[in-house]
Amino acid sequence: MPRFIPDGEYYPARKLDAIPRRLGSAQPKYPEAAQRRGVTGNLKVRLKVNALGEVETVEIVSAQPEGVFDATVRAFFQLARYQPPQREGHPVRAVIEERVSFTLNDDF
């Protein structure tokens, strides 16, 4: 049986068998300075995930507010792992997007 070697293309989520799910339940850490100041926010990130489920690049697509959570989110996703992306039953590289929200917990 020949061994499958993924091509160099990064497939968009719509061309995958299923959107890869992040492994584990960890979330990006709320930056202490932002939390103390009561700053909340939302980010959208674009990730390039290889055929092993490892994140190769993290791009901040949008951030509200800008610059507050970017470093935390980038560091978190660089270490994140995903189910390997699959196309037609074979592991492939993929581009996926994730949204992250930072909201304050009312339980003080």
Side-chain angles (χ1 to χ4, degrees):
M1 173 185 267
R3 185 173 156 207
F4 179 78
I5 299 174
D7 60 28
E9 185 173 347
Y10 286 90
Y11 292 95
R14 70 181 180 278
K15 291 189 176 183
L16 300 174
D17 295 346
I19 297 172
R21 301 279 179 232
R22 188 164 28 98
L23 303 175
S25 60
Q27 296 294 322
K29 184 167 173 41
Y30 211 122
E32 288 183 29
Q35 193 171 25
R36 276 194 310 271
R37 293 189 329 253
V39 177
T40 61
N42 295 290
L43 292 91
K44 181 176 170 183
V45 296
R46 182 172 298 127
L47 310 170
K48 286 188 176 181
V49 179
N50 68 24
L52 298 174
E54 301 164 336
V55 175
E56 294 182 342
T57 64
V58 179
E59 175 189 356
I60 306 294
V61 176
S62 63
Q64 191 62 22
E66 290 185 22
V68 175
F69 302 103
D70 299 29
T72 296
V73 167
R74 193 173 277 113
F76 174 80
F77 281 105
Q78 278 297 130
L79 299 175
R81 296 294 177 260
Y82 285 78
Q83 295 170 336
Q86 300 259 330
R87 184 167 191 261
E88 298 175 4
H90 297 287
V92 295
R93 294 176 177 176
V95 176
I96 60 174
E97 292 184 348
E98 291 254 9
R99 293 185 183 275
V100 180
S101 295
F102 290 91
T103 57
L104 295 172
N105 188 348
D106 291 334
D107 300 332
F108 290 99

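We use all heavy atoms of the structure for the numbers below, so side chains are in, but hydrogens, waters and symmetry mates are not.
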Next on the checklist: To the closest 0.5 Å, what do you measure between CZ (R46) and CD1 (I60)?
Outcome noted: 11.0 Å
Checklist entry - CD of E66: more than 12 outside heavy atoms within 6.0 angstrom? => result no
Checklist entry - CG of L47 to OG1 of T57: how many Å apart, nearest 0.5 Å? => result 7.5 Å
Checklist entry - Are any of the side-chain heavy atoms of V45 and V61 separated by less than 4.5 Å? => result no
Checklist entry - In Å, rounded to the nearest 0.5 Å, how long is the span from OG1 of T72 to CD of Q27? => result 13.0 Å
Next on the checklist: With a 4.0 Å cut-off on N to O distance, would you call K44 and E97 a salt bridge?
Outcome noted: yes
Next on the checklist: Please evaluate residues L43 and F102 with respect to the criterion side-chain contact (heavy atoms from CB on, under 4.5 Å), reporting the C-alpha separation (whole Å), side-chain torsions for both, the decisive distance (0.1 Å), and the verdict.
Outcome noted: CA-CA 9 Å; L43 292 91; F102 290 91; 3.8 Å; yes
Next on the checklist: When you compare the side chains of Y82 and E98, does any donor N or O come within less than 3.5 Å of an acceptor on the partner?
Outcome noted: yes
Next on the checklist: Ignoring hydrogens, what is the shortest heavy-atom contact between P84 and A51? Give both atom names and the distance.
Outcome noted: CB-O, 3.2 Å
Checklist entry - Going through the distances and angles, do Q35 and V39 end up as a side-chain contact (heavy atoms from CB on, under 4.5 Å)? => result CA-CA 6 Å; Q35 193 171 25; V39 177; over 6 Å; no
Checklist entry - Any donor and acceptor pair, going by atom type alone, linking the side chain of R22 with main-chain N or O of A80 inside 3.5 Å? => result no
Checklist outcome for this item: Smallest heavy-atom separation, N50 atom then R93 atom, equals CA-CG, 4.0 Å
Checklist entry - For the residue pair V100 and F77, what are the closest heavy atoms and their distance? => result CG2-CE1, 3.6 Å
Checklist entry - Given E9 and V92, is the side-chain contact (heavy atoms from CB on, under 4.5 Å) satisfied, shown in steps? => result CA-CA 8 Å; E9 185 173 347; V92 295; over 6 Å; no
Next on the checklist: Using 0.5 Å steps for rounding, measure from the CG atom of L104 to the CZ atom of R37.
Outcome noted: 11.5 Å
Checklist outcome for this item: Between P31 and V68, the two heavy atoms sitting closest are CG-O, 4.1 Å
Next on the checklist: Test question: given the 4.5 Å side-chain rule for I, L, V, M, F, W and Y, name all other residues clustered with Y10, or answer none.
Outcome noted: V95
Checklist entry - Would you say the side-chain atoms of N42 pair up with the backbone N or O of Q64, donor to acceptor, closer than 3.5 Å? => result no
Checklist outcome for this item: Between A34 and F69, the two heavy atoms sitting closest are CB-CE2, 3.9 Å
Checklist entry - Does the side chain of P20 come within less than 4.5 Å of V49's, by heavy atoms? => result no
Item to check | Separation between CZ of F76 and CZ of R74, rounded to the nearest 0.5 Å | outcome: 14.5 Å
Item to check | Shortest non-hydrogen contact between T40 and P65, atoms and distance | outcome: O-CD, 3.3 Å
